[in-house]
There are 2 protein chains.
Amino acid sequence: MIVSPQSMSFPDPLPLRSGASIRGYSLAYETYGTLDADKSNAVLICHALNASHHVAGTYAGQADSEGWWDTMIGPGKPVDTDRFFVIGVNNLGSCFGSTGPMHANPETGRIYGADFPVVTVEDWVDAQARLLDGLGIRTLAAVMGGSLGGMQALSWTLQYPERVRNAVVVASAPNLTAENIAFNEVARRAIVTDPDFHGGHFYEHGVVPKRGLRIARMIGHITYLSDDVMNEKFGRQLREGVVRYTTQDIEFQIESYLRYQGDKFSDYFDANTYLLITRALDYFDPALAHDGSLAKALAVARAKFLLVSFTTDWRFAPARSRELVKALLDNGRDVSYAEIDAPHGHDAFLLEDARYLGVVRSYFNRIAREAA
Amino acid sequence: MIVSPQSMSFPDPLPLRSGASIRGYSLAYETYGTLDADKSNAVLICHALNASHHVAGTYAGQADSEGWWDTMIGPGKPVDTDRFFVIGVNNLGSCFGSTGPMHANPETGRIYGADFPVVTVEDWVDAQARLLDGLGIRTLAAVMGGSLGGMQALSWTLQYPERVRNAVVVASAPNLTAENIAFNEVARRAIVTDPDFHGGHFYEHGVVPKRGLRIARMIGHITYLSDDVMNEKFGRQLREGVVRYTTQDIEFQIESYLRYQGDKFSDYFDANTYLLITRALDYFDPALAHDGSLAKALAVARAKFLLVSFTTDWRFAPARSRELVKALLDNGRDVSYAEIDAPHGHDAFLLEDARYLGVVRSYFNRIAREAA
């Protein structure tokens, strides 16, 4: 499936939860499949930290350019683009195409940098709703996402309950734990205290806070994987086969892997985007405005739900998905829940796993049947 | 109990596992209680990452200077200094009194810095054995330690089996997992890539790589605590009570706590010591020389053992202690094992917990009875 990115510009300012607003912004997006005549088969995919609107397919002439959820979405795949019109959208503040910190602020003409407004999951959902308006789509057959993307899918059912028929929330949580926030904060401190960060205005200094980005990515990677899969893939393997007695050079394969991931990430990810996205994760907490009651917070939802979690995911543990299941059941909602026994930790939501893909396929078959 | 530190200098070079050796070194130590006439009541305490020879008691005129295991060791305490002669020793490479990277290399007259030789758990045990020789102590009633200290206690039973009657190994492991090594490596990278590290020779530049030390400590703190205790102590509490929408300032109490811990640590801990100690942790793996068989590695041990683990410790999980129990039982050794249901994660080994202290007290009562 050959795909190509598109962009939509929005003339009206978008009010944000912080009280600020953003104007003159655009969103990058892609679509796969065909919108049917009554515009009832649209599926919106929301992305997590390190992803974009490029959800499925490849770009012409770039064989290795598969979208980040290409195992899940495409012709004949669990989310079947022969039946559904699938939309991938890049969030505000990202560094992959939509308006973000590396773009010029139309108010000042200066690169936003650290002055880019703080955005929340709710703001992203509002922006996505405007994109759907622009595409002439009133109601989504489904909104779907994993991790931070799952938070957006959940938030859709609360902010626009009448526009969502189904929500698929994978490897997600109703909010971050203190430990989750702690890992985000260490990553942010590594970036902000990198001398090349320059208070978030490094662009004009011609440098990039790569040291901080590397550390942030290394921490992230540890939390995406399970202890088990790390032991299986790397264990205590020595890179040179023998101990060399060095504190600064690589001894273990796991070190080599992490450094490689950190280097790669620091070459393409924007430091201000990292701060913004991890903060959006920290802030998401629909129960906060309802005396901490998740059941009260979800009372407004009208969608049917599929929730999926993975046994070895310690970043967004199955217990967090079960909190959501319980709060939805307390409200009499239609909920399917699958806890997939997978060794890969949080990363499992991006990987090929027959049971996982099978559950999603069945659920989308039901959506298609109910629409028919 | 008022105590005071002592120091012993060693004229003979100490050969190290790396092939290097160190000469002209000294070890800081403290003792509590009285060595009996037949020198049979000595207990050696080995320390973990951020600790020293100052295990118990306080320094004269400094009421707040309790030793790091003062809940455990002292008159009438589980390790009762009215009965036992307890020795705390600071390891080579530390920054708390023994010879370390901030001292001058007698070969060159220059501060060691990153040139301080890489030291292993086995090297530390060798150095501790020389200290005992200097004190005229041939046999230990017990060697005891938690975490990295537990690794040293275990190693004592393998390197000097005839000199150890009992080993008390708390919250420890037969080696680090890939995830453990990964966290150590991120911390080391944060330090080494701090521009103020200067390749480990920052002393002569009059700076300290505080940014890196702060990040290292923040990562460490997350792994010392359990998710549960973090949620209980900090949860999602906001420092100002309301969301302020900021990516660089503190929003959550957990952030405030971590930054404080990082700042405090960076004021007193040496960056090269951090590298050395985390590497000693990484390298420890007695099974490596025995085809990966822990049972074979422990066959030489003659001591009786008490092992203790804590249910919520995910850094050195109970399963790791159970590996040690099994390997010791495979060798027909006398092993007691207590898995303490405690919410505090790895930190539990340093905290007051009646069941934990009770188990250690009972075990030391047995040691005293058997010696009588």
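The chains referred to below are lettered A, B, ... by the order of the sequence lines, with proteins before strands, and numbering in each begins at 1.
- Neither the backbone nor the side chain of A/I191 comes within contact range of chain B; no heavy atoms are under 4.5 Å apart.
- Here CD1 of A/I215 is found 5.0 Å from OG1 of B/T193. Values are rounded to the nearest 0.5 Å.
- In this structure, CG in A/N272 is found 7.5 Å from CD in B/Q248, a value given to the nearest 0.5 Å.
- Looking at B/R189 and A/M218, their side chains come closer than 4.5 Å, going by heavy atoms from C-beta outward.
- Rounding to the nearest 0.5 angstrom, the gap separating the CD1 atom in B/I254 from the CD atom in A/E185 is 9.5 Å.
- Both the backbone and the side chain of B/D282 come within contact range of chain A, each with at least one heavy atom under 4.5 Å from a heavy atom of that chain.
- Contacts between B/V186 and chain A at a heavy-atom distance below 4.5 Å involve backbone atoms as well as side-chain atoms.
- In terms of heavy-atom pairs under 4.5 angstrom with chain B, the leader among A/D227, A/L225, A/L16 is A/D227.
- A/F183 and B/F183 have parallel rings, their planes meeting at less than 30° on a 0 to 90° scale where 60° marks the start of perpendicular.
- Chain A forms the most heavy-atom pairs under 4.5 Å with one residue out of B/F234, B/F252, B/Y283, and that residue is B/Y283.
- When each of B/G262, B/G212, B/A190, B/S18 is scored by its heavy-atom pairs under 4.5 Å with chain A, the top score falls to B/S18.
- Atom CZ of A/R188 and atom CG of B/D249 lie 11.0 Å apart (nearest 0.5 Å).
- Residue contact with chain B, scored on non-hydrogen atoms closer than 4.5 Å, involves the side chain of A/F197 exclusively.
- Proximity to chain B (any heavy atom under 4.5 Å) is restricted, for A/T120, to the side chain, taken from C-beta onward.
- Of the residues considered (B/I250, B/L176, B/I222, B/V119), B/I222 shows the highest number of contacts with chain A, using heavy-atom pairs under 4.5 Å.
- To the nearest 0.5 Å, the span separating OG on A/S226 from CD on B/E179 amounts to 8.0 Å.
- Using a 4.0 Å cut-off between a side-chain N of Lys or Arg and a carboxylate O of Asp or Glu, B/R279 and A/E255 qualify as a salt bridge.
- Chain B forms the most heavy-atom pairs under 4.5 Å with one residue out of A/Q253, A/R211, A/H221, A/Q237, and that residue is A/R211.
- Side-chain atoms of B/L276 and A/T247, non-hydrogen and from C-beta on, do get closer than 4.5 Å to each other.
- Taking chain A as the reference chain and counting heavy-atom pairs below 4.5 Å, the highest number among B/A187, B/A20, B/A114, B/G235 is found for B/G235.
- To the nearest 0.5 Å, atoms CD1 (A/I219) and CD1 (B/I219) are separated by 4.0 Å.
- Of the listed residues (B/D194, B/L258, B/T177, B/V192), the greatest number of heavy-atom pairs within a distance under 4.5 Å of chain A belongs to B/T177.
- Here A/R259 is the residue among A/R214, A/R259, A/K233, A/R244 with the most heavy-atom pairs under 4.5 Å with chain B.
- Of the two parts of B/E251, the backbone and the side chain both hold a non-hydrogen atom closer than 4.5 Å to a non-hydrogen atom of chain A.
- In this structure, the portions of B/N175 lying under 4.5 Å from any heavy atom of chain A include both its backbone and its side chain.
- Here A/A182 is the residue among A/A182, A/G19, A/P117 with the most heavy-atom pairs under 4.5 Å with chain B.
- In this structure, chain B has heavy atoms under 4.5 Å from both the backbone and the side chain of A/R17.
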